[in-house]
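Note sheet for the following structure.
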2 protein chains.
Amino acid sequence: MKTDALTGIAGILRKNTYKMTPQRRAVLEVITGSHDHLTPQAIYRRVQKKYPAIGLVTIYRTLEILADLNLVCRVHAEDNCRSYLMRRPNGHHHHMVCKSCGEVIDITGCNLDELEQRLSRETGFKIDGHLLEFNGHCRACLDRGENDNEQR
Amino acid sequence: MKTDALTGIAGILRKNTYKMTPQRRAVLEVITGSHDHLTPQAIYRRVQKKYPAIGLVTIYRTLEILADLNLVCRVHAEDNCRSYLMRRPNGHHHHMVCKSCGEVIDITGCNLDELEQRLSRETGFKIDGHLLEFNGHCRACLDRGENDNEQR
DNA sequence: ATACCAATTGAAAATCGTTTTCAATTAGAA
DNA sequence: TTCTAATTGAAAACGATTTTCAATTGGTAT
Ligand SMILES: [Mn+2]
Ligand SMILES: [Mn+2]
Ligand SMILES: [Zn+2]
Ligand SMILES: [Zn+2]
């Protein structure tokens, strides 16, 4: 199944005058192989294990292309405004982030259609999409004593 | 009224072992005097007009303190993941951003309470807040020819 | 009013993530 | 195999933010 997905993506790349390279294959394997969202740096570290010679620049460039082709999504968290990257989600979803431990939970079933329609009607905007993110404290952190240990 | 607000804030600062300085006063005047959200740089430029000797570091430090004291809010946009700063909002609200021209419209009346309760029940999370942002194209940009001119 | 000291300031350097430049390499069509 | 546009990594450039540090200052206690 992994092979199938990659050859499919290879086709999409070729169709857009991009080439499938070993580096890009390595990046794709890391991204599709992880359930979590990964920063460019995190992806870099993981890819290096299989492909030590790869450059961080290549990660950035590859991610940009993949995002443009809608094969991966860009996200960003609240705290450090660093831009995060995530693998292609299984459909539309959002995130709930624990302020203490940083755990990320995927959220489905946001229905903002009514709101979007109202806004569109009132402002004339054509709304393409939205970013929704909840923050708070997870069960585990709540139990283990609320305050203190904010993750930097 | 301006004086009142500032002396009030001065009290809050003092209560937290912070001092009210001319620099901080200048920053506060800029922030409270603008309806828009401002980047640290934008605030810097404006403050400089009244207080040319101020350093950019002071802007950052002041904003961090004000945010910690909940006197201003942190926000961040979709595109460039730069962290934006906004003046204290007149209540809970969100943003709609035009991908073409960058215009930001304030949104009120998001009712995510039901969703938050459901999520809280299902996951055990204690939800503190949320970030919601719509993106699309504003009326003006739509009229002036859809595609192309994406802002850098 | 004066003294005092922790808090504050700005300049400069350091950091961090990201982008640009460029010459050498390579994927893949012909 | 040949050919060429696309890709690569190193290094430098970049822009935003943070840290360091010595000099200054706000505000409280005398
Ligand atoms: Mn997700
Ligand atoms: Mn606003
Ligand atoms: Zn947690
Ligand atoms: Zn617009």
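Residue numbers begin at 1 in each chain, while the letters A, B, ... track the order of the sequences. From a predicted model like this one, the values you see are computed outputs, not experimental measurements. Below, all heavy atoms of this structure are taken into account, side chains as well, without hydrogens, waters or symmetry copies.
Screening Leu115(B), Leu132(B), Leu131(B) for a side chain to side chain contact (heavy atoms under 4.5 Å, CB included) involving Phe134(A) leaves a single residue, Leu115(B).
When ring centroids are compared, His130(A) and His94(B) stay outside the 6.0 Å threshold.
The distance between atom CD1 of Ile54(B) and atom P of dT9(C), rounded to the nearest whole Å, is 7 Å. Remark: C1' of dT18(D) and CD1 of Ile59(B) are 15 Å apart, rounded to the nearest angstrom. Residue Met20(B) contributes atom CE, which lies 13 Å from atom P of dT28(D) at whole-angstrom precision. Atom OH of Tyr44(A) and atom P of dT18(C) are 14 Å apart (whole Å). What separates OH of Tyr51(B) from P of dT24(D) is a distance of 14 Å, to the nearest Å. If you measure from atom CG of Leu56(A) to atom P of dG17(C), you get 9 Å, rounded to the nearest angstrom. As a whole-Å value, the separation of Ile43(B) CD1 from dA16(D) P is 14 Å. Separating the NZ atom of Lys19(A) from the P atom of dA29(C) is a distance of 9 Å, rounded to the nearest angstrom.
At the heavy-atom level, Arg61(B) lies under 4.0 Å from base atoms of the strands shown. Across all strands, Arg14(B) comes closer than 4.0 Å only to sugar-phosphate atoms, never to a base (heavy-atom distances).
Of the side-chain N and O atoms in Thr39(A), none sit less than 4.0 angstrom from OP1 or OP2 of dG17(C). OP1 or OP2 of dT26(C) has not a single side-chain nitrogen or oxygen of Thr21(A) nearer than 4.0 Å. In this model, the phosphate group of dC16(C) is not approached by any side-chain N or O of Gln41(A) to a distance below 4.0 Å at OP1 or OP2.
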Applying side chain to side chain contact (heavy atoms under 4.5 Å, CB included) to Glu122(B) and Arg118(B), what does each step give before you reach the verdict? CA-CA 6 Å; Glu122(B) 291 177 358; Arg118(B) 196 200 89 203; 3.3 Å; yes
Go through it in stages, so that I can follow the logic: the residues are Ile12(A) and Tyr18(A), the test is side chain to side chain contact (heavy atoms under 4.5 Å, CB included), and I'd like the CA-CA distance, side-chain angles, deciding distance and then a yes or no. CA-CA 8 Å; Ile12(A) 297 177; Tyr18(A) 295 122; over 6 Å; no
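The side chain of Gln23(A) sits closest to dT8(D) out of dT9(C), dA16(D), dT8(D). Comparing dA11(C), dT18(C), dA10(D) against the side chain of Val57(B) picks out dA11(C) as the nearest.
In this structure, the side chains of His95(B) and Asp106(B) come closer than 4.5 Å at one or more pairs of heavy atoms.
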